[in-house]
K.L.:
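Sharing a structure here in structure tokens format.
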Amino acid sequence: MKSDQKRWDQKFKEKKFAFGKKANSFLRGHIAFLPQGKALDLAAGEGRNALFLAQHAFKVDAVDISEIGLRKTQELARKRRVKVHTILADLDTYQIKRGEYNLITNFYFLNRSLIPKMKRGLQKGGMVIFETYLLEHRRLHTGGPKNPKYFLKPNELLHLFKGFRILFYREGTFEEGGKRKAIASLIAQKP
């Protein structure tokens, strides 16, 4: 935990906003489709997605390992006059309360052991919106993780949410924000 925390704290300290202030485009494009209520933003970083959800009337818990990232989240929340509850935690050990959330978001963070926790954390009819890199992204040389364990294999995201109703799924190489990305994106609903 400490080495990950130091690495992310350093990244968020060095750059004004490492990933920008604008919410993920997949989230922005599907916000009207998502169930209102309580949301959990996993690996929230500097809070761009959590803040976007709060601005759309969600009650948001934002979890991240970086104290600096969460501090930036709180500063922006005050400026935008919204509330985001930040939680400093290592997602390797973080426990999600059973049936607590209407929506769980996970963008560009892959920890397969979190998937069963996410499933349990959703209320019946709750949704997960998830997007991250595919293994083939490494060939594009446009950033992303170095370790292959942080990439999805073909159709893996579909398999991870087996038993859920898949409402939207895409997998492939897409142009987003001026960069090519090999990603999988999913919206799934708990039965």
Side-chain angles (χ1 to χ4, degrees), residues 7-8 11-12 14-36 39-56 58 60 62-66 69 72-73 76 91 101-115 118-119 122 126-190:
R7 182 168 51 89
W8 285 105
K11 183 174 188 94
F12 295 144
E14 286 173 0
K15 295 186 177 185
K16 186 121 177 126
F17 285 93
F19 301 105
K21 291 183 187 179
K22 202 173 190 178
N24 174 279
S25 62
F26 183 55
L27 175 60
R28 289 192 326 265
H30 292 87
I31 190 68
F33 184 69
L34 302 173
Q36 285 292 305
L40 174 64
D41 184 21
L42 296 169
E46 297 161 305
R48 65 192 182 121
N49 297 316
L51 291 160
F52 180 77
L53 290 168
Q55 289 173 306
H56 284 82
F58 285 87
V60 184
V63 182
D64 200 88
I65 199 166
S66 171
K72 286 182 176 182
T73 301
L76 276 179
L91 288 171
Y101 297 98
N102 304 96
L103 176 68
I104 296 179
T105 68
N106 187 314
F107 292 99
Y108 296 94
F109 177 79
L110 182 59
N111 178 337
R112 291 166 181 85
S113 68
L114 264 178
I115 305 298
M118 292 169 70
K119 290 177 174 181
L122 285 169
M127 293 184 194
V128 61
I129 183 168
F130 199 116
E131 182 173 84
T132 198
Y133 296 110
L134 295 167
L135 194 55
E136 63 198 70
H137 182 78
R138 297 185 323 162
R139 285 182 266 160
L140 299 176
H141 305 289
T142 57
K146 306 285 184 256
N147 189 328
K149 78 177 187 177
Y150 298 120
F151 293 92
L152 292 167
K153 297 175 187 94
N155 294 317
E156 183 181 2
L157 191 55
L158 282 173
H159 177 73
L160 289 170
F161 284 93
K162 185 178 176 183
F164 271 46
R165 181 175 177 211
I166 306 302
L167 303 171
F168 179 93
Y169 187 74
R170 71 177 181 171
E171 182 174 304
T173 301
F174 305 97
E175 183 83 26
E176 290 189 2
K179 289 171 97 174
R180 288 175 46 83
K181 296 179 180 180
I183 55 175
S185 311
L186 169 137
I187 300 174
Q189 185 175 39
K190 185 173 182 174

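Below, all heavy atoms of this structure are taken into account, side chains as well, without hydrogens, waters or symmetry copies.
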K.L.:
What pair of heavy atoms forms the shortest contact from Thr173 to Ala182, and how long is it?
P.N.:
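The pair with the smallest heavy-atom distance is OG1-CB, 3.8 Å.
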
K.L.:
Give a yes or no on this: more than 12 heavy atoms of other residues, nucleotides or ligands lie within 6.0 Å of atom CZ of Arg165.
P.N.:
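Open: at most 12 neighbouring heavy atoms sit under 6.0 Å from CZ of Arg165.
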
K.L.:
Going from CZ on Phe33 to CD on Gln189, what distance comes out if it is rounded to the nearest 0.5 angstrom?
P.N.:
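Here the rounded value is 7.5 Å.
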
K.L.:
Do side-chain atoms of Thr132 reach the backbone of Phe107 as a donor and acceptor pair under 3.5 angstrom?
P.N.:
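No, because the side chain of Thr132 does not come within donor-acceptor range (under 3.5 Å) of the backbone of Phe107.
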
K.L.:
Less than 4.5 Å apart, any side-chain heavy atom of Ile115 and any of Asn106?
P.N.:
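Counting from C-beta outward, Ile115 and Asn106 never come under 4.5 Å.
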
K.L.:
Please tell me if the side chains of Ile65 and Leu91 come closer than 4.5 Å, counting only heavy atoms from C-beta onward.
P.N.:
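No, side chains not in contact.
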
K.L.:
To the nearest 0.5 Å, tell me how far Glu136 CD sits from Leu152 CG.
P.N.:
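One gets 10.5 Å once the value is rounded to the nearest 0.5 Å.
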
K.L.:
Under a 4.0 Å N-O cut-off, is there an ion pair linking Glu171 with Lys153?
P.N.:
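The answer is no: the pair does not qualify as a salt bridge.
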
K.L.:
Could you grab the distance from atom NZ of Lys162 to atom NZ of Lys119, nearest 0.5 Å is fine?
P.N.:
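Answer for the NZ-NZ pair, Lys162 versus Lys119, is 9.5 Å.
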
K.L.:
Can you check whether Gly47's main-chain N or O pairs, donor with acceptor, with Lys72's side chain at less than 3.5 Å?
P.N.:
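No, because the side chain of Lys72 does not come within donor-acceptor range (under 3.5 Å) of the backbone of Gly47.
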
K.L.:
For Ala62, is there any backbone N or O sitting under 3.5 Å from a side-chain donor or acceptor partner on Asp41?
P.N.:
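No.
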
K.L.:
About how many Å separate CD1 of Ile183 and CG of Leu134, when rounded to the nearest 0.5 Å?
P.N.:
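So the CG of Leu134 and the CD1 of Ile183 are separated by 7.5 Å.
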
K.L.:
Got a second to check how far Leu53's CG is from Arg48's CZ, nearest 0.5 Å?
P.N.:
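Leu53 atom CG to Arg48 atom CZ measures 11.5 Å (nearest 0.5 Å).
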
K.L.:
Keeping the roles fixed (side chain from Arg112, backbone from Lys149), state whether a donor-acceptor pair exists under 3.5 Å.
P.N.:
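Yes; judged by distance alone, with no hydrogens or angles, the pair exists.
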
K.L.:
Less than 4.5 Å apart, any side-chain heavy atom of Glu131 and any of Arg170?
P.N.:
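In contact.
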
K.L.:
Restricting to non-hydrogen atoms, name the atom on Phe58 and the atom on Ala39 that form the minimum distance, rounded to 0.1 Å.
P.N.:
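Of all heavy-atom pairs spanning Phe58 and Ala39, the closest is CD2-CB, 3.9 Å.
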
K.L.:
Minimum heavy-atom separation for Leu122 to Met127, with atom names?
P.N.:
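What the structure gives for the nearest pair is CD2-O, 3.3 Å.
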
K.L.:
Can you check whether Leu34 reaches Ile187 side chain to side chain, under 4.5 Å on heavy atoms?
P.N.:
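Heavy-atom side-chain distance check passes, below 4.5 Å.
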
K.L.:
Only one of Leu160, Leu110, Thr105, Leu42 passes side chain to side chain contact (heavy atoms under 4.5 Å, CB included) with Phe130; say which it is.
P.N.:
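The side chain to side chain contact (heavy atoms under 4.5 Å, CB included) with Phe130 is passed solely by Leu110 among Leu160, Leu110, Thr105, Leu42.
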
K.L.:
Roughly how far, to the nearest 0.5 Å, is NE2 of His30 from CG of Leu167?
P.N.:
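Rounded to the nearest 0.5 Å, the CG-NE2 separation comes to 10.0 Å.
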
K.L.:
If you compare all heavy atoms of Ala43 against all heavy atoms of Asp64, which two are closest, and at what distance to 0.1 Å?
P.N.:
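What the structure gives for the nearest pair is C-OD1, 3.2 Å.
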
K.L.:
Hey, can you tell me if Phe161 and Phe164 have their rings parallel, tilted or perpendicular (30° and 60° cut-offs)?
P.N.:
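Phe161 and Phe164: perpendicular rings.
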
K.L.:
Would the distance check show the side chain of Asn24 and the main-chain N or O of Asn49 forming a donor-acceptor pair, the cut-off being under 3.5 Å?
P.N.:
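Side chain of Asn24 to backbone of Asn49: no pair is present.
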
K.L.:
Angle class for the Phe26/Phe168 ring planes (parallel below 30°, perpendicular above 60°, tilted otherwise)?
P.N.:
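Aromatic pair Phe26/Phe168 classed tilted.
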
K.L.:
Under 4.5 Å between any side-chain heavy atoms of Phe109 and Leu114, yes or no?
P.N.:
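Sidechains of Leu114 and Phe109: in contact.
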
